[in-house]
Number of protein chains: 2
Amino acid sequence: MSSEGLWSRTRRTAIAEITEVAMELFLAKGFEATTFDDIAAASGVSRRSVLRYFGTKEDIVLGRLADEGRRVRTVLAARPDDEPLWTALLNTMVTLSEEPGVDRERLLKVSEMMYGTPSLRARSVEKHLQWQTDLIPEVARRLGGGPDDDLTTLRATAVIAGAVACLDVAGETWTRRKGVVPLRDLLTAAFDSLRDAT
Amino acid sequence: MSSEGLWSRTRRTAIAEITEVAMELFLAKGFEATTFDDIAAASGVSRRSVLRYFGTKEDIVLGRLADEGRRVRTVLAARPDDEPLWTALLNTMVTLSEEPGVDRERLLKVSEMMYGTPSLRARSVEKHLQWQTDLIPEVARRLGGGPDDDLTTLRATAVIAGAVACLDVAGETWTRRKGVVPLRDLLTAAFDSLRDAT
DNA sequence: TGCCTATTTGACACTCAGTGCCAGAAGGTC
DNA sequence: GACCTTCTGGCACTGAGTGTCAAATAGGCA
């Protein structure tokens with residue numbers, strides 16, 4: 001039927017199930033207090049396999065964040081060309097933050113865990129650094145220079161880093177305020193602040 | 001003579017010596033390939049003591065970066081009040097980057113190691129997050145709001161995050177270009193980019 | 001100087017993350 | 001069913017980091 005073999009299908013469901021089980025444990029016992037042995041026992045897979053699937057505990061929580069890099073790029077590329085760059089970046093972030101299918105309560109809990117766990121926070125920042133790399137070509141194009149031009153790359157990277165920094169700030173504030181202030185508003189405020197202050 | 005006891009004096013010299021020895025090992029064998037056992041053996045202290053002094057290998061490399069947070073705040077506070085905020089932040093970064101007593105060759109090697117080692121890079125970003133917190137009061141003041149005001153805090157954090165992002169970008173570019181372009185110029189270019197692009 | 005107290009050190013044992021390896025199980029192909 | 005490929009689980013290992021405790025050492029005091 002599907003051209004996808006059983007291997008990759010079971011792999012995906014396994015990853016999904018393990019993630020689900022592990023997140024429950026993380027939220028119940030805390031991230032650092034949960035071991036790979038706990039996760040393996042609770043999900044009925046060997047410790048070795050869990051480690052093969054994820055590599056690190058951080059990846060269980062932030063795994064999908066890696067794919068988001070491509071997603072960000074796609075969304076940004078879809079913004080109209082005549083939209084100012086900064087506005088396009090803001091709208092990209094807003095679009096991504098409003099994707100459906102996310103349980104708000106759960107997201108809040110995960111966010112709190114993330115901001116409260118140094119290693120998770122660090123990993124999250126690492127992923128955002130990856131986003132920067134992913135976005136350089138598109139932003140460089142909008143800045144009107146080739147991606148091979150060193151100055152254009154520097155400028156693009158600076159702008160993206162600024163935008164990602166705004167995303168971080170907005171996300172952290174959203175979490176600290178227990179999700180009562182819409183992320184969209186926080187994003188807008190952060191982007192506006194940087195625009196006005198510079 | 002000094003009111004400082006021998007305990008803390010020996011502690012400081014021990015930390016300095018271990019750092020020195022460890023950095024040599026890191027640069028020679030690579031950061032991840034160097035173990036605490038190596039460092040302990042080379043510095044004539046027990047593994048346990050090295051771990052007590054530093055806690056993590058990352059802290060051996062980036063230990064002093066933590067203190068820099070207060071330093072940044074001091075330098076920013078010393079900028080004239082009528083200087084535009086963004087300019088004041090740029091000048092602060094330039095001042096810090098031009099502090100004497102740093103061996104350029106060595107700094108380049110350390111930077112290359114840092115940007116090439118994920119865990120070090122992550123730790124470095126973590127330290128920068130701490131700077132953000134340290135700078136909020138002074139930036140909030142310059143923005144004309146109290147530090148208790150939520151919106152002012154958000155705005156201040158966003159601006160600082162943008163500035164720190166520029167520092168990161170400039171530092172990374174400086175390293176990638178083997179230190180041939182003055183950091184001052186890269187910082188200026190990054191800050192200008194974010195100003196123009198927003 | 002000798003004694004007492006507080007701090008530091010080194011050694012040992014321990015938990016846990018992460019890696020390498022290998023035999024066996026299970027999917028895919030002819 | 002035979003054969004190849006991929007995945008799994010188990011085992012052993014290295015290295016980071018923590019807790020504990022006895023021995024060593026500094027500072028203060030008689």
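Please read these numbers as outputs of a predicted model, since none were measured by experiment. Every chain is numbered from 1 and lettered A, B, ... according to where its sequence line falls, protein lines coming before strand lines.
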Exceeds 12 heavy-atom contacts within 6.0 angstrom, atom CZ of Arg176(A)
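Yes.
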In whole angstroms, how far is the [atom2] atom of [N] from the [atom1] atom of [X]?
X        : N       : atom1 : atom2 : result
Phe36(A) : dG18(C) : CZ    : C1'   : 8 Å
Asp37(B) : dA16(D) : CG    : C1'   : 10 Å
Asp59(A) : dA17(C) : CG    : C1'   : 13 Å

Within residues 16-33 of chain B, find the residues that approach DNA chain C with a heavy atom at under 4.0 Å, and present them sorted by residue number.
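Going residue by residue through residues 16-33 of chain B, none turns out to have a heavy atom under 4.0 Å of DNA chain C.
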Report, one line per pair, each donor and acceptor closer than 3.5 Å where one atom sits in a side chain of residues 159-173 of chain A; sequence neighbours left out.
residue	atom	partner	partner atom	Å
Asp168(A)	OD1	His128(A)	ND1	3.0
Thr173(A)	OG1	Val169(A)	O	2.8

Enumerate the residue pairs fulfilling side chain to side chain donor-acceptor pair (under 3.5 Å) with a member in residues 108-117 of chain B, sequence neighbours excluded, ordered by first and then second residue.
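Output for this query lists Glu112(B)-Lys178(B).
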Any pair counted as side chain to side chain donor-acceptor pair (under 3.5 Å), so long as it reaches residues 35-45 of chain B, sequence neighbours left out
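Matches after skipping sequence neighbours: Lys29(B)-Asp38(B), Thr35(B)-Asp38(B).
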Checking [X] now: which residues fulfil side-chain hydrogen bond (donor to acceptor under 3.5 Å, both in side chains) with it, not counting sequence neighbours?
X         : value
Arg73(B)  : none
Asp196(B) : none
Thr95(B)  : none

When you measure from every atom of DNA chain D, which of residues 38-55 of chain B have a heavy atom less than 4.0 Å away?
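Within residues 38-55 of chain B, the residues near DNA chain D are Arg47(B), Arg48(B), Leu51(B), Gly55(B).
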Mind checking Thr34(A) for me? I need base, sugar-phosphate or nothing, with any heavy atom below 4.0 Å counting as a touch.
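Thr34(A): backbone/sugar contact only, no base atoms under 4.0 Å.
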Just report the end-to-end axis angle for the helix from dT1(C)-dA30(D) to dC30(C)-dG1(D), five pairs per end, to 10 degrees.
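Rounded value for the end-axis angle: 10°.
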Who passes salt bridge (Lys or Arg N to Asp or Glu O under 4.0 Å) against Arg184(B), sequence neighbours left out?
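Counting only residues at least two positions away or on another chain, Arg184(B) forms a salt bridge (Lys or Arg N to Asp or Glu O under 4.0 Å) with Glu98(B).
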Under the salt bridge (Lys or Arg N to Asp or Glu O under 4.0 Å) rule, collect the residues that match up with Arg106(B), sequence neighbours excluded.
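Only Glu20(B), Glu24(B) meet the salt bridge (Lys or Arg N to Asp or Glu O under 4.0 Å) criterion with Arg106(B).
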Output every pair passing ring-ring contact (aromatic ring centres under 6.0 Å, His included) with a member in residues 178-198 of chain B, not counting sequence neighbours, ordered by first then second residue.
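As it turns out, the ring-ring contact (aromatic ring centres under 6.0 Å, His included) pairs with a partner in residues 178-198 of chain B, which skip direct neighbours, are Trp86(B)-Phe191(B).
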